[in-house]
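Only one structure is covered here, and it is reproduced in the block below.
Computed over heavy atoms, backbone and side chain alike; hydrogens, waters and symmetry mates excluded. For the single chain, residues carry numbers from 1 onward in sequence order. Note that the structure is a prediction, hence the values are computed from the model and not measured.
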Amino acid sequence: MAGSEQTVLQFFPSTTSLSAKVHPVVIFNICDCYVRRPDQAERVIGTLLGSISPDGSVDIRNSYAVPHNESSDQVALDIDYHHNMLLSHQKVNPKEVIVGWYSTGFGVSGGSALIHEFYSREVQNPIHLTVDTGFKNGEASIKAFVSVNLTLGDRQLAAQFQEIPLDLRMVEAERVGFDILKSTMVDKLPNDLEGMEASMERLLALIDDVYKYVDNVVEQRVAPDDNIGRFISDTVASIPKISPGAFDKLINDSIQDHLLLLYLSSLTRTQLGLAEKLNTAAQIL
């Protein structure tokens, strides 16, 4: 009818350019909080700290858990604890701000909308990070979401979570620890030499894959890809020209440095243990 008011269903999409990058220390911290959770708690939630770039990308660099009680229809957060922890973190890292919150478990749960509403008052368009601490099939399901409001006229009906791109990058030293984290039980943590050996084995496997791909392209068994070819060319060009003898010397010197550090650390532990025993014996006498 002309001139009459119409009630329309409005859906406001989020910024498509929004993306997030999470550092491995955040994942380690979340898993540690999950292991130390109270017996009655099914999941752990907490605050994400980091920075927001002008292009909209979010860099997640730190986190802390927030105590909460959760039921089927309501969620209670310890807001005072959250604010006190935030003040403590900003005294050490004043440039880190709230960028969102995290929860353990697979995907978004029923009470996530209530928690997200609280963090929406703390920061505009917060990130919701979910971490599956079960590491099913040896893979970590880590996802990032943003909330989009679904409204009918002026009345908000619900909040829909949309997944955004998440970048989890790490150096080789961090990747070794991340691979250990995926195992339910390990005999011991790898030392520097074992970590270097694992990195070299992974590097050799990657070189073998590149060699097979190039050989298949030359033999016309695989169609060539210009992007892969440019990437391989840039990678080869970035390698410094070192003679085999100089390269072997460089590796051997690095190994000798690691062995020296292991020897010094073992010697220090022995001296500390001996000093502690002598101090105890002197107090008894």
Notebook entry, point to check: Looking at side-chain heavy atoms only, is the closest gap between V99 and I60 below 4.5 Å?
Noted result: yes
Check: So which heavy atom on P126 is nearest to which on H116, and how close?
Finding: O-CE1, 3.3 Å
Checklist line | Least distance between heavy atoms, A20 atom then I164 atom | finding: CB-CD1, 4.3 Å
Next item on the list: Compare every heavy atom of A223 with every heavy atom of Y213, then report the nearest pair and how far apart it is.
Entry: OH-O, 4.2 Å
Notebook entry, point to check: Considering the options N62, D59, N29, which one meets the side-chain hydrogen bond (donor to acceptor under 3.5 Å, both in side chains) requirement together with H23?
Noted result: D59
Next item on the list: Kindly indicate whether the side chain of E276, heavy atoms from C-beta on, has any atom under 4.5 Å from the side chain of L272.
Entry: no
Item checked: Crowding at CZ, R36 (>12 non-hydrogen neighbours, <6.0 Å) -> no
Next item on the list: Could you tell me whether K143 and D132 make a salt bridge, using a distance below 4.0 angstrom between a side-chain N and a carboxylate O?
Entry: no
Next item on the list: Given side-chain contact (heavy atoms from CB on, under 4.5 Å), test V236 with I232 step by step and report yes or no.
Entry: CA-CA 6 Å; V236 174; I232 295 176; 4.3 Å; yes
Checklist line | Sub-4.5 Å side-chain heavy-atom contact between Y102 and C33 | finding: yes
Item checked: Geometric class of the W101/Y119 ring pair [parallel <30°, tilted 30-60°, perpendicular >60°] -> parallel
Next item on the list: Mind listing the closest non-hydrogen atom pair of V25 and R61 along with its distance?
Entry: CG1-O, 3.6 Å
Check: With a 4.0 Å cut-off, would you call D234 and R230 a salt bridge?
Finding: no
Item checked: Validation row: F118, I79 side chains within 4.5 angstrom (heavy atoms) -> yes
Checklist line | More than 12 heavy atoms from other groups under 6.0 Å of CD on E117 | finding: no
Notebook entry, point to check: Side-chain donor-acceptor pair under 3.5 Å between H82 and T47, yes or no?
Noted result: yes
